[in-house]
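Before any comments, here is the structure.
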Amino acid sequence: MLLIELSRYIESLGWQSDDNTLHAGFQYLSRIDDERGTRRVYDRLADSDTDLHLYGLPDRVPELSEDPTIHTEPRDELRESWFVVNTDCTADMKGVLLAERTGPSQWRGYWSFGADHVDEISAYLRKRYSP
């Protein structure tokens with residue numbers, strides 16, 4: 001539950017500031033509809049000025065009110081990780097959560113609100129998953 005609450009907090013930073021980018025990895029894109037409230041959060045983010053990037057295996061691409069950038073490269077790291085990164089905004093609005101699956105419904109996570117950590121992970125995602 002702690003990781004979900006941190007994820008929701010970082011997601012909320014996305015619609016609280018202008019001119020920012022939010023990256024979110026879900027293992028499978030259909031998971032946007034799995035967690036209670038996740039669909040509502042991402043509909044709200046899609047309707048905002050946030051540059052929204054969604055990552056996951058393409059079992060079902062979610063339909064949102066505005067088209068986010070979808071990254072569906074079949075990589076093991078997408079299958080075994082969960083992340084939310086809010087960047088490209090003021091330093092006090094940046095945040096990152098990274099979690100790795102350690103078992104069924106079990107995750108080991110890391111989070112930071114430090115600009116250096118956020119920028120490093122954002123740069124990795126852009127380099128690794130840009131077309």
Side-chain angles (χ1 to χ4, degrees):
M1 286 303 294
L2 176 60
L3 294 176
I4 292 171
E5 289 299 317
L6 283 163
S7 176
R8 291 289 183 257
Y9 176 73
I10 294 168
E11 291 160 344
S12 77
L13 296 174
W15 68 73
Q16 291 181 36
S17 62
D18 295 329
D19 193 30
N20 68 315
T21 301
L22 190 125
H23 302 270
F26 294 93
Q27 303 87 48
Y28 294 90
L29 290 173
S30 64
R31 297 217 45 196
I32 286 179
D33 292 318
D34 285 352
E35 280 292 328
R36 193 174 76 180
T38 302
R39 162 58 74 171
R40 186 174 56 247
V41 167
Y42 283 87
D43 278 335
R44 186 171 180 185
L45 284 164
D47 287 339
S48 73
D49 290 334
T50 299
D51 180 17
L52 185 57
H53 291 255
L54 304 178
Y55 300 75
L57 300 178
D59 58 335
R60 185 178 35 126
V61 176
E63 293 182 25
L64 297 171
S65 56
E66 295 292 325
D67 292 330
T69 303
I70 304 286
H71 303 271
T72 59
E73 292 82 356
R75 300 215 168 105
D76 286 340
E77 69 184 0
L78 288 182
R79 187 178 296 113
E80 298 301 322
S81 64
W82 159 30
F83 57 88
V84 180
V85 184
N86 191 60
T87 188
D88 296 340
C89 51
T90 62
D92 62 336
M93 298 295 280
K94 292 185 179 200
V96 61
L97 166 94
L98 290 173
E100 176 184 32
R101 184 190 319 266
T102 59
S105 299
Q106 295 178 338
W107 299 87
R108 177 180 50 218
Y110 160 86
W111 59 91
S112 175
F113 299 100
D116 290 343
H117 292 131
V118 173
D119 292 344
E120 180 181 345
I121 293 166
S122 177
Y124 172 83
L125 290 170
R126 284 191 310 272
K127 181 179 177 183
R128 177 92 164 136
Y129 292 97
S130 290

Which pair of non-hydrogen atoms, one from [X] and one from [Y], has the smallest distance, and what is that distance?
{"X": "Leu22", "Y": "Glu11", "result": "CD1-CA, 3.8 Å"}
{"X": "Leu57", "Y": "Arg79", "result": "CD1-NE, 3.4 Å"}
{"X": "His23", "Y": "Ser122", "result": "NE2-OG, 3.7 Å"}

Results of ring-ring contact (aromatic ring centres under 6.0 Å, His included) for Trp111 - residues two or more places apart only: none
Those residues that, when tested against Tyr9, pass ring-ring contact (aromatic ring centres under 6.0 Å, His included) (two or more places apart): Phe113
Verdict with supporting geometry, Val118 and Val85, side-chain contact (heavy atoms from CB on, under 4.5 Å): CA-CA 7 Å; Val118 173; Val85 184; 3.9 Å; yes
Qualifying ring pair (Phe, Tyr, Trp, His ring centres under 6.0 Å) pairs with a residue from residues 30-52, counting only residues at least two apart or across chains: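 Listed once each, the pairs are Phe26-Tyr42.
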Listed by chain and number, what are the side chain to side chain donor-acceptor pair (under 3.5 Å) partners of [X], not counting sequence neighbours?
{"X": "Arg108", "result": "Glu100"}
{"X": "Asp59", "result": "Ser30"}
{"X": "Arg101", "result": "Glu80"}
{"X": "Ser12", "result": "Gln16"}

Could I get the full list of salt bridge (Lys or Arg N to Asp or Glu O under 4.0 Å) partners for [X], not counting sequence neighbours?
{"X": "Asp43", "answer": "Arg39"}
{"X": "Glu77", "answer": "Arg128"}
{"X": "Asp116", "answer": "none"}

Residue list, side chain to side chain contact (heavy atoms under 4.5 Å, CB included) with Leu98, at least two apart or on another chain: Phe83, Val96, Tyr110, Ile121
Residues that Ala99 engages under side chain to side chain contact (heavy atoms under 4.5 Å, CB included), provided they are two or more places apart: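 Ala99 satisfies side chain to side chain contact (heavy atoms under 4.5 Å, CB included) with Leu3, Trp82, Trp107 only.
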